[in-house]
Protein chains: 4
Amino acid sequence: MDTALLMFAEGGFARTTVKDIATSAGISNGLMYHYFPSKEKLLEAAIEKHSFLPHLRVILKGTEEPCREVLKKIAARFSDILKQENNSIRILLQEGHSNAEVKKVWDSLSSEGSLILQQYLSSRIAAGELKPHNTEVTARCLFSILFMFSFTRDIFKSSNLSDSQFIEESIDSILNGIQKNNNHD
Amino acid sequence: MDTALLMFAEGGFARTTVKDIATSAGISNGLMYHYFPSKEKLLEAAIEKHSFLPHLRVILKGTEEPCREVLKKIAARFSDILKQENNSIRILLQEGHSNAEVKKVWDSLSSEGSLILQQYLSSRIAAGELKPHNTEVTARCLFSILFMFSFTRDIFKSSNLSDSQFIEESIDSILNGIQKNNNHD
Amino acid sequence: MDTALLMFAEGGFARTTVKDIATSAGISNGLMYHYFPSKEKLLEAAIEKHSFLPHLRVILKGTEEPCREVLKKIAARFSDILKQENNSIRILLQEGHSNAEVKKVWDSLSSEGSLILQQYLSSRIAAGELKPHNTEVTARCLFSILFMFSFTRDIFKSSNLSDSQFIEESIDSILNGIQKNNNHD
Amino acid sequence: MDTALLMFAEGGFARTTVKDIATSAGISNGLMYHYFPSKEKLLEAAIEKHSFLPHLRVILKGTEEPCREVLKKIAARFSDILKQENNSIRILLQEGHSNAEVKKVWDSLSSEGSLILQQYLSSRIAAGELKPHNTEVTARCLFSILFMFSFTRDIFKSSNLSDSQFIEESIDSILNGIQKNNNHD
DNA sequence: TATGAATGAGCATTCATTCAT
DNA sequence: CATGAATGAATGCTCATTCAT
């Protein structure tokens, strides 16, 4: 399943043959069908095995501590997971429109992912640390930034910022805003 | 080419057959090879025809006006284009890893897209309207937000915000920040 | 289609590969799918093309002439057709239980085949030439004899009767009965 | 073996998988190869186990009693066996052309089956009960009628004759003939 | 005996591409 | 320009058979 995930991510689902996966995994192609009824089910199983939603839940839940550093830490770990499961993400985006099961995973990932962020932000507003604001918007923004960051990592790698620097500055930006003198004069 | 783009976006490149495209376009499958040397080249031609980078350049360049409303307008139009060229985007994400030509388009889109934003932000800093900050980070954040917004539109459509509201609030959030009493007390 | 029929009859449907048929027919295996959507549909088309029910109708209908020689002639021609379409018959028996379409052909062949015989017999009773009797029974008997004769031709070929002799004697037997002095002396 | 026979008859030999048979028989597919060297040998063993030739021998031999009722009884029992071993017959017809062993069984069944009938008929001629005639022809006719009756039972079940009525009338027909005034005036 | 994982050759089917017309 | 018949390599999947346990 790990092999399959890797190969699907690299070559796309349709372009990757069962024989290639089997060879890569060191088994005969017939054996795959002993464990999975079809290539498609293999994809679904692989995606589900590598679902990182539980990880997100763990790192995002229960944190009631102050904001800036915590948010950076959260973002860094979130980003780490996305990096680790880079293959899974690629497939989610590539096959999400062709395979219902994959779409479900992608939908639940993106909606729950930003929901968890949203809840954290709300708790910080309640704690008086953040301004009252539409947390749904911010949560989706944060989620988008982290997700796209992971997805476009290779394109922007020429930039002179390290990964962690980029994330930290993004969080700062979100927290502080970029407008001069924004609400005190 | 429009038909092809639509069908590739809906079914994926590999899953869409030349015959299907031809039938949909009302021609025989042989005729396609009169205009394009291969299915792959058809994809590339379609993607390039629908490249919306020029549009982005138009809406983003030359605007030296004050920030908040302009940025909102820019974002709205950016989002409109993304919405319109939704098929193109899908293909960019789906086939970007398999087809070099497509990847080039995606790369130039994302890098130039955020570069243009970056330049605008820099000009507003120079104009004294925005705080000095890492404009590359903000530009990528904005780009990410708008891009993911377009890509996850259907997932979040249950939300009680309209598209334009979401975009406006996002811009406000970026401009103002979300932290209470930031840096002045 | 003729090639397919022959090969299906000889090797059975499942054992005969599409490639074999195509090779035998002098075409590429892909081309078969240009004309038939599947191997199964090819079988059905072949069976229907070789349906000899129309032939039976022709030789059996409209004959109102006296019995013994006519019946022999009918039987001979019936048997000729069965011999000619021997392949078709084999398939009918072999695949009739697996393929609904084939079964339909077999059903209509056997029911209509004996129905036509039955009608002829009835007309001869009306003409006063035959004893009143259950024509359905006789028709099915005749049909069975001719059909099995064709199907077991090779098994019994060691017999010292020619095909036409066997058929003639069978008809005589049916007409005369085999019992001595039957019920009138 | 019984399971195998049933499944081969229902689905055809090639379409029935060893795994299906094993599952149906409540054993693992590997175990089958402990008892039979191959799928083909399993078929042959099953056919041979269900060979009803011995039954035919029993019911047809040694009967020297008068004709009409005896023949009806014989036919009825013959038909019963055919009905009981319906699966076996199907396979005989379906696989007789593909499998040498099966063909042998089918050949010996049909030739010996009609031979036995033939001998009985000859004995009744010798006893003065039947007219001297070509018993081979009559025997094959009788065999054909009974065999086809069994094979087309489902097609003609709409008929208003019961199974036993049909058989009885067939025998009467063969004995009496259908021609009026057939040889005494 | 009994299991079921493992193999790999074989098959129906698909499809990009070619080409005679 | 346009057609669609023709090709054949490629692919997902099946299944009889083997074998370690």
Side-chain angles (χ1 to χ4, degrees), chain A residues 4 7-8 11-23 25-43, chain B residues 4 7-8 11-23 25-43, chain C residues 4 7-8 11-23 25-43, chain D residues 4 7-8 11-23 25-43:
Chain A
M7 297 186 78
F8 286 151
F13 176 75
R15 233 179 288 275
T16 306
T17 73
V18 170
K19 195 168 251 170
D20 287 346
I21 297 169
T23 304
I27 61 170
S28 69
N29 67 4
L31 187 53
M32 199 215 80
Y33 290 89
H34 198 73
Y35 296 107
F36 304 97
S38 73
K39 188 186 170 189
E40 203 137 285
K41 291 293 177 192
L42 169 61
L43 167 66
Chain B
M7 297 185 78
F8 286 151
F13 177 75
R15 236 179 288 275
T16 307
T17 73
V18 170
K19 194 168 254 170
D20 286 347
I21 297 168
T23 304
I27 62 170
S28 70
N29 66 5
L31 188 52
M32 199 215 80
Y33 288 88
H34 193 74
Y35 296 108
F36 303 98
S38 74
K39 187 187 173 190
E40 204 133 286
K41 292 294 176 193
L42 168 61
L43 167 66
Chain C
M7 298 187 77
F8 286 151
F13 176 76
R15 235 180 289 273
T16 306
T17 72
V18 169
K19 194 168 250 169
D20 288 346
I21 297 169
T23 303
I27 61 170
S28 69
N29 66 3
L31 188 52
M32 199 215 81
Y33 289 90
H34 198 73
Y35 297 106
F36 304 98
S38 72
K39 188 186 170 189
E40 203 136 284
K41 292 293 177 194
L42 169 61
L43 167 65
Chain D
M7 297 186 78
F8 286 151
F13 177 74
R15 236 180 287 275
T16 306
T17 72
V18 171
K19 194 168 254 171
D20 286 347
I21 298 169
T23 303
I27 62 170
S28 69
N29 67 2
L31 188 53
M32 200 217 79
Y33 288 88
H34 194 75
Y35 297 107
F36 304 97
S38 73
K39 188 187 172 189
E40 205 133 285
K41 292 293 175 193
L42 168 61
L43 167 67

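By convention in this document, chain letters (A, B, ...) are assigned in the order of the sequence lines, proteins followed by strands, and residues within each chain are numbered from 1.
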### Task
Determine, stepwise, if the pair A:Ile21 / A:Asn29 fulfils side chain to side chain contact (heavy atoms under 4.5 Å, CB included).
CA-CA 8 Å; A:Ile21 297 169; A:Asn29 67 4; over 6 Å; no
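- Here B:Thr23 lies out of heavy-atom contact (under 4.0 Å) with every strand.
- As a whole-Å value, the separation of A:Asp20 CG from F:dT11 P is 7 Å.
- Note: CD1 (C:Ile27) to P (F:dG8) measures 12 Å, nearest angstrom.
- Whole-Å rounding puts the A:Met7 CE to F:dG12 C1' distance at 15 Å.
- Of the two residues near DNA chain E, C:Val18 and B:Ala14, the one whose nearest nucleotide lies more 5' is C:Val18.
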### Message
Expected output check: what is the dot-bracket annotation of DNA chain F, where ( ) and [ ] are pairs inside the strand (brackets for crossing ones), | is paired with another strand, and pairs are Watson-Crick or G-U under 3.5 Å?
### Response
.||||||||||||||||||||
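- Atoms CZ (D:Phe13) and C1' (F:dC15) sit 12 Å apart, rounded to a whole Å.
- In the model, A:Asp20 has no side-chain atom that pairs as donor or acceptor with a side-chain atom of A:Thr23 under 3.5 Å.
- In this structure, C:Leu42 CG and C:Tyr33 OH are separated by 9.0 Å, a value rounded to the nearest 0.5 Å.
- Looking at heavy atoms from C-beta onward, D:Arg15 lies in side-chain contact with C:Phe13 at the 4.5 angstrom threshold.
- Closest approach of C:Lys39 to C:Phe8, counting heavy atoms only: CE-CE2, 4.0 Å.
- Between B:Ile21 atom CD1 and F:dT3 atom P the separation is 16 Å, expressed in whole Å.
- One can place CG of A:Leu43 at 15 Å from C1' of F:dG12, the figure rounded to the nearest angstrom.
- Considering only the side chain of B:Asn29, E:dT17 comes nearest among E:dT17, F:dA16, E:dA5.
- Across the interface with DNA chain F, nearest-nucleotide mapping of C:Gly30 and A:Thr17 shows C:Gly30 to be the residue nearer the 5′ end.
- No side-chain heavy atom of A:Tyr35 sits under 4.5 Å from any side-chain heavy atom of A:Lys41.
- For A:Leu31, the listed nucleotide lying nearest its side chain is E:dT7; candidates were E:dT7, F:dA2, E:dA16.
- In this entry the distance linking NZ of B:Lys19 with P of E:dA16 reads 10 Å, nearest Å.
- Listed nucleotides: E:dT3, F:dT3, F:dA6. Nearest to the side chain of B:Ser28: F:dT3.
- Annotation: proximity of residues 32-40 of chain B to DNA chain F (heavy atom, distance under 4.0 Å) is found for B:His34, B:Tyr35, numbered in ascending order.
- Taken to the nearest 0.5 Å, the OG atom of C:Ser28 stands 10.0 Å off from the NZ atom of C:Lys19.
- In this structure, A:Phe36 and A:Leu43 have side chains that are not in contact, with every pair of non-hydrogen atoms separated by 4.5 Å or more.
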